[in-house]
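Each remark here refers to the structure printed beneath this line.
In this text the structure is predicted, and so the values were computed from the model without any measurement. Residue numbers run from 1 in the order of the sequence given.
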Amino acid sequence: VFREMALCQASLGDIKTALKRIDAAVRLDPSYTHIWVKGDLLYQNGSWSKALEAYEEVKEIIPENADIWTDMAACYKNTSQEKKEDYEKALDYSSRQLEQTPEAYYYIERGQLFIESCEWQKAEADFEKAAQLEPENAYAYYNWGCSCKYSGRYEEALRLFEKAVSLRTEKESIVFFRGLGDCYERLRRFDKAAEAYEKNKSEFPENASVRWDLAELYCKIGTAPMP
């Protein structure tokens, strides 16, 4: 009962009360399912270290379940900018997950970790593998494009962003046209950048960050935004 109450409170955005409910559930029944939910709630609360402690408990109970490695990797990823050892642990858990479940999603996750450490070739190898496994996966091409963009290979990045845009579901995410527009900006092809940002605005007219992209661009080139 306490577990269901915790999940209900979390769905309402009341993580503090949800944590109290799941603590009660763990005291009554310290099963891995309750501890795992506690870890998830702590993660949502931004308490990475405490979430990791809960996930470690789950791993001790069900070490054969590879999904827990993904959750642990996410915790380490959120602290990896400050601690190199945490980055290495995140990478280790991500690799273990791939050994158990070699799917596109997990290759993309590990590739994003490689991007954080500027290991472009390793990142792109993972994104390419994800694209091979799921040729229609827009995020594989988007992240691949990001790696090329961050390493200064803009023309390569453009091709990959265009591919991602062509595969995306309409109104799925703001990242696709944003990545494309930013790449055009870096190449100083401002007309194409504006075109990408305008398309983003047409799909997400109420999104403030999308409108800000356009405003910044028009300010940069000294042109009034289109009505």
Side-chain angles (χ1 to χ4, degrees), residues 7 10-13 40 43-44 46 66-67 69-71 73-75 77-78 90 93-94 97-98 100-116 120 122-151 153-187 189-218 225-227:
L7 293 172
S11 69
L12 295 172
D40 290 343
Y43 182 89
Q44 290 178 46
D67 288 339
W69 297 336
T70 300
D71 290 339
C75 287
K77 183 178 179 180
N78 278 290
Y93 283 119
S94 188
Q97 174 72 69
L98 272 170
Q100 295 291 322
T101 319
E103 296 176 356
Y105 176 87
Y106 298 115
Y107 275 106
I108 292 170
E109 277 205 336
R110 190 174 69 175
Q112 290 171 338
L113 283 171
F114 284 132
I115 280 182
E116 287 188 16
W120 313 122
K122 290 181 179 179
E124 289 161 35
D126 275 355
F127 299 140
E128 183 175 10
K129 181 64 176 179
Q132 290 171 353
L133 289 170
E134 294 182 12
E136 304 301 308
N137 190 319
Y139 291 97
Y141 293 99
Y142 167 76
N143 282 282
W144 192 352
C146 285
S147 181
C148 291
K149 182 182 73 172
Y150 296 148
S151 56
R153 290 142 48 220
Y154 300 129
E155 293 295 343
E156 288 180 65
L158 279 178
R159 288 193 291 273
L160 291 161
F161 285 138
E162 290 282 10
K163 180 71 173 178
V165 165
S166 72
L167 292 172
R168 85 198 194 289
T169 301
E170 188 176 354
K171 299 182 179 180
E172 180 178 1
S173 172
I174 68 171
V175 300
F176 300 111
F177 280 120
R178 171 174 274 179
L180 185 63
D182 181 50
C183 203
Y184 277 126
E185 269 198 75
R186 293 174 188 231
L187 287 167
R189 294 169 64 179
F190 298 128
D191 57 333
K192 299 293 288 184
E195 182 181 320
Y197 292 149
E198 287 286 357
K199 287 179 179 177
N200 223 11
K201 192 179 89 167
S202 70
E203 289 194 5
F204 303 94
E206 304 304 319
N207 188 296
S209 63
V210 167
R211 299 176 72 85
W212 181 249
D213 287 339
L214 264 175
E216 276 197 314
L217 174 65
Y218 289 131
M226 302 175 196

(message) Please determine whether a side-chain nitrogen of the Lys or Arg among Glu195 and Lys192 lies less than 4.0 Å from a carboxylate oxygen of the Asp or Glu.
(response) yes
(request) Give the minimum heavy-atom separation between Ala157 and Cys183, together with the two atoms involved. (result) CB-SG, 3.7 Å
(message) On a heavy-atom basis, which atom in Tyr107 and which in Ala130 lie closest, and how many Å separate them?
(response) CB-CB, 4.0 Å
(request) State, without any angle test, whether Ser202 and Glu198 hold a side-chain donor-acceptor pair at a distance under 3.5 Å. (result) no
(message) Measuring only between side-chain heavy atoms, which start at C-beta, is Glu216 closer than 4.5 Å to Trp212?
(response) yes
(message) For Tyr150 and Trp120, take the angle between the two ring planes, folded into 0 to 90°, and tell me which bin it lands in: parallel under 30, tilted 30 to 60, perpendicular over 60.
(response) tilted
(message) So, taking the atom named CG in Leu180 and the one named CD in Glu162, what distance separates them when rounded to the nearest 0.5 Å?
(response) 4.5 Å
(request) Could you tell me whether the side chain of Lys129 reaches within less than 4.5 Å of the side chain of Leu98, counting heavy atoms only? (result) no
(message) Do Tyr154 and Asp182 make a side-chain contact, defined as non-hydrogen atoms from C-beta onward lying under 4.5 Å apart?
(response) no
(message) As an exercise, state the distance from CG of Asp126 to CD of Glu109, rounded to the nearest 0.5 Å.
(response) 11.0 Å
(request) Considering non-hydrogen atoms only, spot the tightest contact between Tyr218 and Ala194 and give its length. (result) OH-CB, 4.0 Å
(request) Locate the shortest heavy-atom distance separating Glu124 from Cys148; write the atom from each residue and the value. (result) OE2-N, 3.9 Å
(request) State the CZ-CZ distance between Arg168 and Phe177, to the nearest 0.5 angstrom. (result) 4.0 Å
(message) Using 0.5 Å steps for rounding, measure from the CG atom of Leu214 to the CZ atom of Arg211.
(response) 8.5 Å
(request) Please name the pair of heavy atoms, one in Ala131 and one in Trp144, separated by the smallest distance, quoted to 0.1 Å. (result) CB-CZ3, 4.4 Å
(request) Can you tell me which residue pairs pass the salt bridge (charged side-chain N to carboxylate O under 4.0 Å, His left out) test with a partner in residues 169-180, sequence neighbours excluded? (result) Arg178-Asp213
(message) Could you measure the distance from the CZ atom of Phe204 to the CD1 atom of Ile174? Nearest 0.5 Å is fine.
(response) 7.0 Å
(message) Using a 6.0 Å cut-off, check whether atom CZ of Phe190 has over 12 heavy atoms from anything other than its own residue.
(response) yes
(request) Taking the side chain as every heavy atom from C-beta outward, state whether Tyr139 and Ser173 have any pair of such atoms under 4.5 Å apart. (result) yes
(request) Locate the shortest heavy-atom distance separating Ile115 from Ala123; write the atom from each residue and the value. (result) CG1-CB, 3.8 Å
(message) Working to the nearest 0.5 angstrom, can you tell me the gap between Tyr142 OH and Asn137 CG?
(response) 13.5 Å
(request) Please assess Ser166 against Lys163 for the test side-chain contact (heavy atoms from CB on, under 4.5 Å), listing each intermediate value before the final yes or no. (result) CA-CA 5 Å; Ser166 72; Lys163 180 71 173 178; 4.2 Å; yes
